[in-house]
Each structure stands twice: as C-alpha cells, then as structure tokens.
Amino acid sequence: MKNIFLGTAVAVILFSSCLIGSSCGTRNKSAKAPHDTLVVNTTEIGKDIKGFKGPTPLEITLVDGIVTEIKALPNEETPGFFQRVIDSGLLNAAVGKSAHDAATQSYDAVTGATFSSKAVIDNIRAGLRSLEAE
C-alpha cells in the first residue's frame, strides 16, 4: 500500500511540474540562444594613445565576435576636428568585421584631423588586440 501511495505521489508531482513548467520534456525550437555580447572600453587600454589634445577612448561592441558598433567616449579633442573624424565614417569602418580582421585592416586618417583620427585608429586596434590576449 505504501508503494502505491508513494508511486502515485511521485506521478502527481511530476505531472504538476510538467503543467506548471509547460514544457514536459519538449524544447522550444524557435527559441534562440542569447548572443554573446562583449563591450571593450579603451579608456585604460589606450590611455597612452593620444590625439591632438589627449586620450581618445572608444567603446567597441562585438556580438558573436563581430564588431557591431564603435562609439567615441568623452575626450578633450577640439570638437570641430573630432566631428570630422565622426563624419568621415571612421568609427563605422570596422563594423561587420571580426575582431581580428578589424584589428589588422588598413584605415585612412582623416585629412584635417590627422592626430585625432590616428588616435581613433590606434584605439580600435588596441581594443581589439586586447581580446587576443585573453
């Protein structure tokens, strides 16, 4: 009698958990695994990389190992000259590339904002190369 009661209790618990969880051992095939997102901040990595007036840190976002965004962080560069760097599309030149490809590709400095653009390029490379060290 105890075995029947115990067996019934286990069956009720399993059935209840199946109803509550609504999975009952099946897997939702349409659910996607979360993407692996990594954000690299070059404030420390590139602290010695200087533009015309000082460091030009960046925030580089990668999803599944591909660069998806590069944002300039606050810096002391002359706003008008640094805007040339932004307007040139330099911050988007690595988007869509793997970290390795973006770190090793050739970039063009922006005329009229050479120091700032070279600092941005060096920060992109330093930030992405820091991932290889991990």
Side-chain angles (χ1 to χ4, degrees):
M1 185 72 170
K2 288 182 183 180
N3 287 341
I4 293 174
F5 177 74
L6 183 60
T8 304
V10 169
V12 168
I13 291 170
L14 290 175
F15 182 71
S16 298
S17 66
C18 182
L19 288 177
I20 292 169
S22 70
S23 64
C24 300
T26 61
R27 183 175 269 180
N28 183 352
K29 294 179 182 174
S30 65
K32 294 182 179 180
H35 293 286
D36 184 21
T37 301
L38 180 63
V39 177
V40 178
N41 182 318
T42 67
T43 300
E44 282 300 311
I45 296 165
K47 66 183 174 193
D48 295 326
I49 299 172
K50 309 283 189 211
F52 187 70
K53 291 190 171 184
T56 56
L58 304 173
E59 183 178 273
I60 306 167
T61 304
L62 298 97
V63 176
D64 296 333
I66 303 298
V67 177
T68 58
E69 181 179 30
I70 299 177
K71 293 191 305 190
L73 296 176
N75 60 65
E76 298 299 320
E77 297 298 281
T78 305
F81 288 103
F82 200 75
Q83 189 61 47
R84 290 182 187 183
V85 174
I86 293 168
D87 293 344
S88 75
L90 181 58
L91 295 176
N92 295 319
V95 172
K97 296 181 171 65
S98 70
H100 174 76
D101 288 348
T104 58
Q105 82 173 20
S106 177
Y107 296 94
D108 292 327
V110 179
T111 302
T114 308
F115 288 104
S116 299
S117 58
K118 285 184 177 182
V120 166
I121 293 165
D122 289 346
N123 268 286
I124 291 171
R125 288 189 174 130
L128 295 174
R129 285 185 178 140
S130 74
L131 299 175
E132 296 171 358
E134 292 179 359

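Values in this document were obtained by computation on a predicted structure and should not be read as measured data. Just the heavy atoms: all of them, side chains too, but no hydrogens, waters or symmetry mates, feed the values below.
- Ser130 and Ile45 make their closest contact through OG-CD1, 3.6 Å (heavy atoms, listed as atom of the first residue, atom of the second, distance).
- Between the side chain of Ser116 and the main chain of Ala113, no donor-acceptor pair closer than 3.5 Å is present.
- Smallest separation of non-hydrogen atoms from Arg84 and Val110: O-CG1, 3.9 Å.
- Judged by distance alone, with hydrogens and angles left aside, the side-chain atoms of Thr68 form a donor-acceptor pair with the main-chain N or O of Thr61 at under 3.5 Å.
- Within the 4.5 Å cutoff, no side-chain heavy atoms of Tyr107 are placed close to those of Lys118.
- Considering CG of Asn41 and CD1 of Ile60, their distance stands at 9.0 Å, rounded to 0.5 Å.
- Both Ile70 and Leu131 belong to a single network of hydrophobic side chains, linked directly or stepwise wherever heavy atoms of I, L, V, M, F, W or Y lie under 4.5 Å apart.
- Salt-bridge annotation for Lys47 and Glu44: present, with a side-chain N of the basic residue lying under 4.0 Å from a carboxylate O of the acidic one.
- Minimum heavy-atom separation, Phe82 to Ala72: CE2-CB, 3.5 Å.
- Taken from CD1 in Ile124 to OG1 in Thr42, the straight-line distance is 9.0 Å, to the nearest 0.5 Å.
- Distance check: Lys71 NZ to Ile86 CD1 gives 12.0 Å after rounding to the nearest 0.5 Å.
- Between the side chain of Thr78 and the backbone N or O of Gly80 there is no donor-acceptor pair closer than 3.5 Å.
- Taking hydrophobic clusters as Ile, Leu, Val, Met, Phe, Trp and Tyr residues chained together by side-chain heavy-atom distances below 4.5 Å, Val120 does not share a cluster with Leu73.
- With sequence neighbours excluded, no residue forms a salt bridge (charged side-chain N to carboxylate O under 4.0 Å, His left out) with Glu76.
- Under a hydrophobic-cluster definition in which Ile, Leu, Val, Met, Phe, Trp and Tyr are linked whenever side-chain heavy atoms come within less than 4.5 Å, directly or via other members, Ile49 and Val85 are assigned to different clusters.
- There is a path of hydrophobic side-chain contacts, each under 4.5 Å, that joins Leu91 to Val67.
- The side-chain heavy atoms of Asn75 and Pro57, taken from C-beta on, include a pair separated by under 4.5 Å.
- Although no hydrogens or angles enter the test, the distance criterion places no donor-acceptor pair under 3.5 Å between the side chain of Asn123 and the main chain of Leu58.
- Under 4.0 Å is where a charged nitrogen must lie from a carboxylate oxygen, and between Lys53 and Glu77 no such pair does.
- Looking at every heavy atom in both residues, Val40 comes nearest to Gly127 through CG1-O, 3.6 Å.
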Q) How far apart are the C-alpha atoms of Asp101 and Gln105, what are their side-chain angles, what is the distance that settles it, and do they pass the side-chain hydrogen bond (donor to acceptor under 3.5 Å, both in side chains) test? A) CA-CA 6 Å; Asp101 288 348; Gln105 82 173 20; over 6 Å; no

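- Between Asp36 and the options Val63, Asp64, Leu62, a side chain to side chain contact (heavy atoms under 4.5 Å, CB included) holds for only Asp64.
- Although no hydrogens or angles enter the test, the distance criterion places a donor-acceptor pair under 3.5 Å between the side chain of Ser117 and the main chain of Thr114.
- Here the straight-line distance linking atom CG of Asp122 with atom CZ of Arg129 works out to 9.0 Å at 0.5 Å rounding.
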